[in-house]
Undergrad: 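Attaching a single structure in C-alpha cells format; questions to follow.
Just the heavy atoms: all of them, side chains too, but no hydrogens, waters or symmetry mates, feed the values below. What you see is a predicted model, and the numbers here were worked out from it, not measured in a lab. Letters A, B, ... are given to chains in the order of the sequence lines, protein chains preceding strands, and every chain is numbered from 1.
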Amino acid sequence: MEKVYSPAAIEQRLYQRWEAAGYFSPRPAERSYCIVIPPPNVTGTLHMGHAFQDTIMDALIRLHRMRAEQTLWQVGTDHAGIATQMVVERQLNAEGKRRTELTREAFVERVWAWKQQSGSTIAQQLRRLGASVDWTRERFTMDPDMSRAVVEAFVRLHQEGLIYRGQRLVNWDPVLGTALSDLEVLSEEEDGLLWHVRYRLAAGDGQLVVATTRPETILGDVAVAVHPEDERYRALIGRKLLLPLTGREIPIIADSYVDPAFGTGCLKITPAHDFNDYAIGMRHGLPLINIFTPDARLNDNAPAHLRGLDRFQARERIVAELEAAGLLERIEPHRLTIPRGDRTGAVIEPYLTDQWYVRIAPLAAPAMAAVESGRVRFVPENWDKTFYRWMRDIQDWCISRQLWWGHRIPAWYDEGGEIYVARSAAEAHAQARARHGREVALRQDDDVLDTWFSSGLWPFSTQGWPEQRPELERYYPTNVLVTGFDIIFFWVARMLMLGLKFMGEVPFREVYLHGLILDADGQKMSKSKGNVIDPLDIIDGIDLEALVAKRTTGLMQPQLAAGIERATRKQYPNGIAAYGTDALRFTFASFATQSLELRFDLGRVAGYRNFCNKLWNAARFVMLSLDQAAPPPAAASAHAAAPSAATSAIDVANRWIRSRLGATISAVERAFEQYRFDYAASALYEFTWHEYCDWYLEIVKPVLQDTGDAAAQHAARRTLLEVLEALLRALHPLMPFISEDIWLRVAPLAGAGGPSIMLAPWPQAAQFEHDAAAETELRWLMQVVLAIRQIRGEMDISPARRLPLLLQHASASDLQLAQRHHALLSRLAGLESARPLAAGETAPPAAAALVGELGLLVPMAGLIEPASELRRLGKRLQKIEQELTKSRAKLAVESFVNSAPADVVEQERTRLAERESERAALLRQIEQVRALAQEPV
RNA sequence: GGGUGCUUAGCUCAGCUGGUAGAGCGUCGCCUUUACACGGCGAAUGUCGCAGGUUCGAUCCCUGCAGCACCCACCA
C-alpha cells in the first residue's frame, strides 16, 4: 500500500469494476428495498444539492444491499420542459436564429439532439460520486413507455372528470408565452409607484380618485369599486364614470373586498388582468376586456395610437397622457409584490386563456389522510404541518404549457371545437366518428404537459405502469423518498396524490427531507452570485485560474464578473485541493443534521480527507504487521500453554475493541434508521480514530514488537484484522471507495473474502459482543495513562524521558491491573518503572494525579520544578473547590433533597464525597510540594 | 398578513424523556517515537440571543421580546 492515501488512484477504477460486474442490479431476495432518484434535469449538471442527497440515498442503498435485501436504486432523468427548451432556445439565439423560425418538429428534433449530447454529463457525474444506481434500468421521462404512462394517466383522470379544460385567468409568462402553475411563480417585494388617477363622473358633477400600481391596465377597466359602507362614496354607487383617456362609461359598484383604508378607498376593476378583479367581476357580472397580446403588448382593444406597445412602454405613455390631460393627481412610492416566472424572471401577467386543469381537491383529501394516518411519514416529522397547510388551500393545477418540448396533450379537436381525449390519434378519430357518424378532420392540442405531471408518476411509471409488471409489484411502494424540502409541493405532494390515485397506495413509506446546502457565508449557491462549488472540483481539485474562469464565464450579467473574480481569489487563493469522493461523502453525511440550512465548509472536507488517510494508514499498519508475522502457534500448544502476562493483557484489549466495535455498529444502525447520518459519521469517526487507532493499535504494538509471545501475537493479529475488516464494511455505505480498496486486500487475510465489499454482509453487532468487564478494565488503563501524560504535558517533560511511577493507596484490583498491564503502561505512558509504595514508606516529593482513590506519583527529583507543579495543583484545586461549592449548595437546599429523585440526590452526594477526598489529597500534595520548595537546594 | 425553523467555544455544528455543556476545524505548548506531520501528546476557550415564568433544579418546557432564514398569501 502507498504511504499516503490517494483517492484519484482508486475511485474511478473501482466504480467501473462494480458497474461492469453488474453489482448495482438488485439480487433476488425475500425483502426488497427501493428508492427512486429524484430525476435531475437531463441537460443539467450535478450541483452540491444533488451530491448531498445522492450521497444519502447511496448510503441507504448500500446498507440495505449489504443486508441482502433486493435493493433497487431507480435512476433516470427528467425532460424538464421549460428549462430544457430555454437552453436550446438560447443556443439558437446565439446562432442568430429564433425558435419560431423553425417548425415545431425541427425544434423538438434539435432538443433531442442536445439531450443526446449533454444527457450523459449528469450520469457521469453520478458515477464519480459512487452512486450505485442500476444503470440498466435508467429511464427518461420522455421515453416511449414513460410517455405512454403519461397519456394513460391523463386519459383516466379526464374520464373521471378530474382533468378539465377551462377558460380563466392564468399566470402568464409573456417571455415564454406560456401559462405557469402557481408554484412556478415567485413573488417578491419590489419598489414601485402608486399612481392616483382621476375618474370623472359621466354627469360631469365630480370625480373619484383611484390609486393603482398598474395605470396601463386602465384600458381594461370595467368598473370602479368602493366599499358598501364607505360613507364617502355611498351616494355614488350605481352612477357612471368616464374612463380616463378613452371616455368609455363604467359603473361605480360596491364590494366589501375593497379596503376603505387603502389609497383612496376606490379600486379600479380590471377583470382580465388581475386575479382579484376577476373574482369581483364575476360577482358583479362585469365584462372582461383583454387588452394584451400573448407577449404583453397592447392589442386592438386599446386605442389605435397605443396598439403594439409593450406593457412597460404603454405604462409610460399612458401616465404621460394622464398627466397631460390633468387626470393624474399624484404619484407616490409604494412597496409591492411583483410576481415573476421562476425560470425567466419575467413579470407574470394574469391572462385569460384556455388551459387544462387537474381538479385537485378530490386528490388532495386522500393524500392528507395518508399522512394523517401515518402511511407516509415525514422525517423530520414537523414537515407534515407545512404539507397540510398547503394541501388545505390548494387550487386546481394548471397542467398545460404553451411549449414545444414535453408530452403533447392527448386531446384532439374537430372543426366545431369539440374535444376528444384519447390514448392515440386513432382512438380520437374513432370517438369523433362515433359522434358525427362520419370521418372528421381532427387537430391535436398544441400544448404540452407541465413537467411535474410526468414526474408525479415517477415511482410507478419507471416500473412499467400501466402494465402490471412484476417489478411494479416488487418495488412499489418505494421505501423512502429523499429530497429537499423546497420540492415538497412541486413533487412530493403530487407523487403522493397521483400514486394514491393510480396505484391505490402511497408511493413511499417515508419522506426524508434534507436541508439546503449554502456556501460558507450562508448564501444560496448561484451562478450569479459566483459562489457555486462544483462537487467534482472538491473531488478532483481545481486550480485558482480554472475556478475563476468557471465562475465568471457564461454569466447572465457579465458586469458581475469582476466582483466574483475578486471574491474567489480571496477565498480560494490556492484553488481547491483534491479531497476525493469518500471525504466529500463523509462530509455530507456529517452535515445531515435536521437543520434547514447547511453551510458548506471545506475545512470539514479536509478533516475527513485526513480521516481517510488515517484509516488508510491504520490498514497499512495492519498489513505490515501481518507481513512480519511468525506462523501461528499450533492450535494444540496454544491451548496447552498457560496464558502469559502478555496474553492475558492483550486478551482484555481484544475483547475491549471488539466490544467497542459492536457498540459502534449498533450506533450506526440506529443512526441510519433515524436518518441521522451525522450520528453515523461521528460514531464511525470516533471509533476508527480514537479507539481503534489511538488505543488499540498502540496497545498491540508492544505485543507485536517487544514480546516473543506467539500466542498473544496471534490473537492480536486476528483481532486487528477482524475488527478492521468489519469496520470497513460498516464504513462502506458512507465511504464506498476506500473501504472497498482496503477490504479487497484485507478480507482474504481475515478469511472473509469475496468479489466486493458491496456484496459482503453488513457487520453484525452481535458478533462483537458487549464486554463490560473489558471496557471497565481498559477505562482504568486509559485513565492512568492519560493522567501520567497530563503530568508530562503540563510539566513540559520530554517524551523521551522515561518516568518512574509510584502507586499510592492502590487497591488490590489496582495492583492486579497494574501488574497485568505493566508492559503497556510503560509503553503508553513512557514509564521507566512502576511500583506500589511499600507499607509505611513515605512518598517522596512528587507530581501527583488521582484515578479514583489510586494516587499516581511521579517523583519530582531533577524533573519537575516545584513552582510549576504548585501552579498545576493550584489550578486543579480551584476547579475542585468550585465544584464543591456548587455541590454543597445544592445539597443544602432542603427541597432538592426532598423532591429530587433519590438517585439524583445520591449521585450528588457521591460527587460531593469524591470531590472532598480529591480536595484533601490535593491539599496534602500542595503542602508537601510547598515544603520542598522552601527547602534550600 | 399567516406559518415554520434557527440563535450553544474564534468558525461550522451536535446536545437523548429537564440533573452543573460536546465534536471537528482553528488557536497555544511539546514532539520528525519505524501506520499516518493529511501525524502524536498535552492545554486553553462558553452570562447556551435577551427578559420573565413553571420547577428542588432550565441550554432543554411555557410566555414575551430582539435578530436571522425560509415557506405561504389577492390588498389596489
Side-chain angles (χ1 to χ4, degrees), chain A residues 1 3-5 182 187 194 210-214 217 225 257-259 261-270 274-279 334 336-337 339 350 380 382-383 385-386 389-390 393 485-486 488-489 515-516 518 520 522 524 577 579 583 590-591 593-604 606-625 676 678-679 682 685-686 690 693-694 697-698 701 705 786 789-800 830 882-883 886-887 890 893-901 903-905 907-908 911:
Chain A
M1 286 175 80
K3 186 172 173 185
V4 171
Y5 157 71
D182 296 343
S187 291
L194 194 59
V210 171
T212 180
T213 54
R214 297 204 58 192
T217 64
Y257 169 79
V258 180
D259 176 1
F262 188 92
T264 58
C266 301
L267 174 62
K268 71 189 215 46
I269 304 299
T270 321
D274 182 283
F275 289 101
N276 294 312
D277 293 7
Y278 182 81
H334 181 63
L336 72 165
T337 46
N382 50 333
W383 283 109
K385 291 197 200 85
T386 307
R389 277 185 59 77
W390 188 69
D393 309 330
F485 59 81
D486 50 325
I488 189 165
F489 307 135
L516 202 68
L518 307 176
K524 272 191 193 175
Y579 296 108
S590 76
F591 269 124
T593 64
Q594 308 235 348
S595 176
L596 287 180
E597 298 172 352
L598 315 163
R599 290 186 186 213
F600 195 79
D601 176 9
L602 271 178
R604 293 280 287 270
Y608 294 124
R609 188 270 322 266
N610 295 353
F611 175 64
C612 290
N613 188 55
K614 188 77 180 173
L615 175 67
W616 181 266
N617 277 287
R620 257 183 79 222
F621 172 81
V622 173
M623 306 284 286
L624 288 171
S625 69
R676 286 302 301 261
D678 57 326
Y679 289 173
S682 72
Y685 184 98
E686 174 70 21
H690 298 305
C693 291
D694 282 354
L697 295 192
E698 296 306 320
K701 277 179 190 174
Q705 292 162 7
L786 290 172
R789 281 180 184 167
Q790 189 177 43
I791 290 173
R792 186 192 294 279
E794 290 186 20
M795 294 297 105
D796 271 345
I797 301 171
S798 153
Q882 272 172 12
E883 288 174 4
K886 275 194 214 163
S887 237
K890 204 162 181 182
V893 178
E894 229 169 284
S895 47
F896 169 70
V897 182
N898 296 335
S899 325
D903 57 322
V904 174
V905 178
Q907 191 190 336
E908 197 59 45
R911 185 150 41 209

Undergrad: Select base, sugar-phosphate, or nothing to describe what C612(A) touches, counting heavy atoms under 4.0 Å on all strands.
TA: nothing
Undergrad: With both distances under 3.5 angstrom, what nucleotide forms a Watson-Crick or G-U wobble pair with G22(B)?
TA: C13(B)
Undergrad: Contact class for Y685(A) vs. all strands (heavy atom < 4.0 Å): base, sugar-phosphate, or nothing?
TA: sugar-phosphate
Undergrad: What I want to find out is whether K886(A) reaches E883(A) closely enough, with some N-O distance under 4.0 Å, to be called a salt bridge.
TA: no
Undergrad: Flag the pair Y685(A) / Y608(A) as yes when their ring centroid distance falls below 6.0 Å, and as no otherwise.
TA: yes
Undergrad: Does the S899(A) side chain pair with the main chain of F896(A), one donor and one acceptor, at a distance under 3.5 Å?
TA: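 Judged by distance alone, no pair lies under 3.5 Å.
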Undergrad: Heavy atoms only, 4.0 Å cut-off, all strands: where does V897(A) land among base, sugar-phosphate and nothing?
TA: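 Touches nothing.
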Undergrad: Does G515(A) reach a base, just sugar-phosphate, or nothing at all? Heavy atoms under 4.0 Å.
TA: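 The residue G515(A) makes no contact with any strand.
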Undergrad: Can you measure N617(A) atom CG to C36(B) atom C1' for me and round it to whole angstrom units?
TA: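 My rounded result for the distance is 4 Å.
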Undergrad: Report the residue (E883(A) or L194(A)) whose heavy-atom-nearest nucleotide on RNA chain B is the more 5′ of the two.
TA: E883(A)
Undergrad: Contact class for Y679(A) (heavy atom, under 4.0 Å): base, sugar-phosphate, or nothing?
TA: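 Touches sugar-phosphate only.
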Undergrad: Regarding F489(A), tell me which of base, sugar-phosphate or nothing describes its non-hydrogen contacts under 4.0 Å with the strands shown.
TA: sugar-phosphate
Undergrad: Toward the 5' end of RNA chain B, which comes first, W383(A) or R214(A), by nearest nucleotide?
TA: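 Result of the comparison: W383(A).
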